[in-house]
Amino acid sequence: MLPDMGIWRSVSLIVPVAGRILDVYYSQKHTDNKVTLKALLHIENHGCKKAMVEISDPQGNIAAKADISLEESAEYYETELVINDPQLWWVNGYGEQPLYSCAVTLYDENDACADKNTQRIGLRTLTISREKDQWGEEFCFINNGVKIFAMGANYIPEDQIVTRCNEEKTRKLLADCKAANYNFIRVWGGGYYPDEYFYDYCDENGIIVWQDFMFACSAYLLTEEFEETVRGEVRDNVIRLRNHPSLGLWCGNNEIESAWEYWGLPEDEEAKRDYLIIFEDIIPQVLKAYDPCENTFYWPSSPSSGGGFKDASSNHAGDMHYWDVWHNFKPIEAFREFYYRFCSEYGFESLPDIKTCRAFADETKGDFDLCSPVMAAHQKCVQGNEKIMYYLAQMVRYPYDFKKLIYSSQLVQADCIRSNVEHMRRARGRCMGSAYWQVNDSNPVISWSSIDYYGRWKGLHYYAKRFYAPCLISCDDTERKKPVLNISNERMTAFEGIVRWKLRNNKAEILQSGEKSVNVPALTAQNVLTIDLSDELKNRTDPREKYLEYSIMENGKVLSFGTTLFVRPKEFTFLEPAITYGISESEDKFALTFCAENYAKSVCLSLKTADCVFSDNWFDIHGKEPVTIMIDKASLSRKMTAQELSGELEIMHN
């Protein structure tokens with residue numbers, strides 16, 4: 001345990017002479033091709049006569065401005081500015097993210113600048129839709145009138161020693177999120193409120209922020225003193241963050257409402273009353289004063305169906321945390337039993353990269369053993385290592401060395417989360433959001449993360465890049481002999497292209513194939529093809545020696561692809577793939593081209609001592625059909641030649 005105490009963020013001493021701008025709040029009203037921007041100024045005045053509000057468009061041109069006469073006694077001033085032909089801010093994948101600069105200048109009696117406040121805003125509407133529908137009540141982000149399928153993960157503090165967090169690390173992490181096609185991230189309520197640069201990056205790149213207040217998994221005694229700190233904490237952070245266009249919603253807490261309903265907490269009417277006062281009375285009061293719900297949506301808890309201890313983990317309304325797979329040892333297929341409205345937590349653990357393990361474990365002392373004291377000390381879950389082995393036993397053959405254990409754990413994690421995400425995306429309209437637990441780590445550990453403490457991508461993050469693709473093909477293999485191909489189109493334009501499929505054997509030879517031209521409208525998911533394999537999967541050996549490959553093409557380009565086994569990987573008859581590769585290079589990239597003698601599944605590339613991000617990883621090779629993987633030289637942790645890269649490269653496969 002590392003309790004935090006003391007001052008750990010910047011402190012400044014401000015000595016105003018003529019006055020200062022305490023804060024500025026911008027709210028928006030959108031009408032046809034026009035935005036009316038209301039600016040509310042909070043000013044501490046000691047003799048200033050006027051203030052000026054000036055709005056500049058993303059190109060630096062003045063879009064609107066207003067002068068305000070000041071009075072000695074007044075604190076708050078309001079003015080409206082009209083912006084014509086607004087450049088709208090969109091969530092990543094749906095449009096651009098133009099930012100307007102809003103400058104408020106305070107002038108003293110000599111017309112000299114006494115203080116200045118500059119912020120960036122995006123002109124957009126962004127809230128939560130809770131429309132009634134045939135399944136109950138939807139829960140989805142709606143941006144400029146467009147319903148968004150949220151794709152992302154939960155974010156935790158990037159270091160347990162918080163002073164080691166910095167802007168460079170945060171921007172790198174968020175860039176990795178964007179590279180994996182995130183359009184959304186949840187700031188978990190058991191951590192801290194991130195720095196301004198976290199939200200700046202999300203503003204600049206269209207990543208919606210679900211912002212928990214920092215209350216989690218606990219019952220809070222509401223004394224007068226505690227209430228004062230709650231009001232102060234909420235007020236200060238709302239004022240600090242409310243103008244960010246990426247701010248999608250405020251959430252009261254993490255898992256406290258559901259804890260009262262499902263965790264078996266002792267029945268305590270006073271504590272439950274205090275909960276309702278804090279999260280359904282006090283925080284809404286503060287928000288009404290500083291960022292009312294017509295501007296930013298408020299949700300009392302996560303998960304919740306709307307508050308009041310009424311079915312917090314409902315499958316029909318609100319958001320849900322689903323942990324029966326993992327914590328309750330349910331099989332991976334159990335994900336498909338649910339049609340969540342918005343799944344804001346679910347997860348599966350894996351070991352980090354072996355280079356990360358070497359940072360805390362000594363192989364020569366026997367630490368590279370999942371049951372060793374060192375590995376137990378670096379496990380983030382009670383009985384976590386036992387759970388890893390339980391699921392490995394279901395899915396893969398026994399890994400006899402530590403590297404293979406790492407590989408197998410990451411493969412099962414990635415495949416587990418993929419299965420759930422693809423299921424949710426096929427149900428677009430009924431389900432409208434996915435946030436797996438979790439994207440990052442706060443120290444080098446065995447955990448649910450898709451990127452480890454040192455920024456190394458696990459298999460899950462490479463999978464996320466594929467299963468969060470704007471246009472995704474996936475396979476519902478519930479009926480093994482009649483798999484259904486589905487296209488989830490999360491773009492603002494229709495998908496017009498070709499679906500291709502191939503049934504192959506374990507030598508990667510094509511046994512059967514087909515293709516179909518399809519048109520899938522924007523922002524929809526559709527089943528596009530059912531393949532009858534009854535004649536091909538007749539006996540017990542057929543499913544163990546055959547697999548289905550599929551892809552979608554648009555204008556000659558492959559947009560999404562995948563493979564489906566008809567049995568669990570441990571039951572499939574894999575032949576030795578005999579993988580070969582060649583390396584070529586250009587000024588800024590290396591190209592690695594792979595072939596194999598037989599089918600190679602989940603090919604994992606890594607470097608022995610260096611690090612990089614591959615253009616794709618954990619991919620399949622279909623025999624002699626070449627697969628080319630790019631490495632941006634800028635992503636390498638150190639410079640190297642093609643020969644050195646070849647010496648560093650390690651290849652693993654199922």
Engineer: Do Lys633 and Phe590 meet the cation-pi criteria used here (NZ or CZ under 6.0 Å from the six-membered ring centre, within 45° of the axis)?
Structural biologist: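 Yes - Lys633 lies over the ring of Phe590, closer than 6.0 Å to its centre and within 45° of its axis.
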Engineer: Looking at Asp611 and Lys355, is any side-chain nitrogen of the basic one under 4.0 Å from a carboxylate oxygen of the acidic one?
Structural biologist: yes
Engineer: Who passes side chain to side chain donor-acceptor pair (under 3.5 Å) against Asp632, sequence neighbours left out?
Structural biologist: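 For Asp632, no residue satisfies side chain to side chain donor-acceptor pair (under 3.5 Å) once neighbours in sequence are set aside.
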Engineer: Would Tyr94 and Glu490 count as having a side-chain donor-acceptor pair, cut-off 3.5 Å?
Structural biologist: yes
Engineer: Is it true that Arg240 and Glu196 have a side-chain N and a carboxylate O under 4.0 angstrom from each other?
Structural biologist: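 Yes.
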Engineer: So, Ser350 and Gln410: side-chain donor and acceptor under 3.5 Å apart, yes or no?
Structural biologist: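 Judged by distance alone, the side chains do not pair up.
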Engineer: Excluding sequence neighbours, so at least two apart, what forms side chain to side chain donor-acceptor pair (under 3.5 Å) with Trp250?
Structural biologist: Asp291
Engineer: What is the ring orientation for Phe329 with Tyr390, classed by angle as parallel under 30°, tilted 30 to 60°, or perpendicular over 60°?
Structural biologist: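 The rings of Phe329 and Tyr390 stand perpendicular, inter-plane angle above 60°.
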Engineer: Salt bridge or not for Arg568 and Glu333, using N-O below 4.0 Å?
Structural biologist: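 Looking at Arg568 and Glu333, the cut-off is met.
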Engineer: Is a donor from one side chain sitting under 3.5 angstrom from an acceptor on the other, for Asn154 and Gln438?
Structural biologist: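 On atom types as modelled, these side chains do not qualify, holding no pair under 3.5 Å.
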Engineer: More than 12 foreign heavy atoms under 6.0 Å from CD of Gln394: is that the case here?
Structural biologist: yes
Engineer: Do Phe594 and Phe619 have their ring centres less than 6.0 Å from each other?
Structural biologist: yes
Engineer: Under the salt bridge (Lys or Arg N to Asp or Glu O under 4.0 Å) test, which residues partner Asp319, sequence neighbours left out?
Structural biologist: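 Per chain and number, Asp319 pairs via salt bridge (Lys or Arg N to Asp or Glu O under 4.0 Å) with no residue.
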Engineer: Ser488 and Arg426: side-chain donor and acceptor closer than 3.5 Å?
Structural biologist: no
Engineer: When the ring planes of His461 and Trp457 are compared, do they come out parallel, tilted or perpendicular, using 30° and 60° as the limits?
Structural biologist: perpendicular
Engineer: Heavy atoms only: give me the nearest Tyr436-Ala464 pair and the separation to one decimal.
Structural biologist: OH-CB, 4.0 Å
Engineer: Output all residues satisfying side-chain contact (heavy atoms from CB on, under 4.5 Å) with Ser584, sequence neighbours left out; order by chain, then residue number.
Structural biologist: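 With neighbours one apart ignored, the set is Ala591.
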Engineer: Apply side-chain contact (heavy atoms from CB on, under 4.5 Å) to Trp323 and list each qualifying residue two or more places apart in sequence or on a separate chain.
Structural biologist: Glu255, His321, Trp326, His327, Glu345, Trp437, Trp448
Engineer: Tell me if a side-chain donor or acceptor on His423 pairs with a main-chain N or O of Phe338 at a distance below 3.5 Å.
Structural biologist: yes
Engineer: Is it true that Tyr468 and Ser434 share a donor-acceptor pair across their side chains at a distance under 3.5 Å?
Structural biologist: yes
Engineer: Less than 6.0 angstrom separating the ring centers of Tyr322 and Tyr346, yes or no?
Structural biologist: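 When the ring centroids of Tyr322 and Tyr346 are compared, they turn out to be at least 6.0 Å apart.
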Engineer: With distance as the sole criterion, is a donor-acceptor pair present between the side chains of Thr356 and Asp452 under 3.5 Å?
Structural biologist: yes
Engineer: Hydrogens and angles aside, do Asp620 and Tyr599 bring a side-chain donor and acceptor to less than 3.5 Å of each other?
Structural biologist: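 Note: Asp620 and Tyr599 side chains meet the donor-acceptor criterion.
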Engineer: Below 6.0 angstrom between ring centroids: does that apply to Phe572 and Phe574?
Structural biologist: yes
Engineer: Any Lys/Arg nitrogen of Arg466 or Asp616 sitting under 4.0 Å from an Asp/Glu carboxylate oxygen of the other?
Structural biologist: yes
Engineer: Ignoring hydrogens and geometry beyond distance, is a side-chain donor-acceptor pair present between Ser246 and Asp203 at under 3.5 Å?
Structural biologist: yes
Engineer: Using ring centroids (six-membered ring only for Trp), state whether Tyr398 and Tyr400 fall under 6.0 Å.
Structural biologist: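 Yes.
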Engineer: Let's go through Tyr391 and Phe348 carefully: what are the C-alpha distance in whole Å and the side-chain angles of both, what is the deciding distance for ring-ring contact (aromatic ring centres under 6.0 Å, His included) to 0.1 Å, and is it a yes or a no?
Structural biologist: CA-CA 10 Å; Tyr391 282 104; Phe348 199 97; 4.8 Å; yes
Engineer: Does anything in residues 381-406 pair up under salt bridge (Lys or Arg N to Asp or Glu O under 4.0 Å), and if so which pairs, sequence neighbours excluded?
Structural biologist: Lys403-Glu650
Engineer: Could you tell me which non-hydrogen atom of Ser344 sits nearest to which non-hydrogen atom of Ser302, and how far apart they are?
Structural biologist: OG-OG, 3.3 Å
Engineer: Between Gln413 and Lys458, which heavy-atom pair has the shortest distance, and what is it?
Structural biologist: OE1-CD, 3.9 Å
Engineer: For the residue pair Arg171 / Asn205, report whether a side-chain donor-acceptor contact shorter than 3.5 Å exists.
Structural biologist: no
Engineer: If every non-hydrogen atom of Ala312 is compared with every non-hydrogen atom of Tyr262, which pair is closest and at what distance?
Structural biologist: N-OH, 3.3 Å
Engineer: For Trp210 and Phe342, I'd like to know if the aromatic rings sit close, meaning centre-to-centre distance below 6.0 Å.
Structural biologist: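 Under 6.0 Å, so yes.
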Engineer: Do the numbers put Arg9 on top of the ring of Tyr193, so that NZ or CZ is under 6.0 Å from the six-membered ring centre and no more than 45° off the axis?
Structural biologist: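 No, cation not above the ring by the 6.0 Å, 45° rule.
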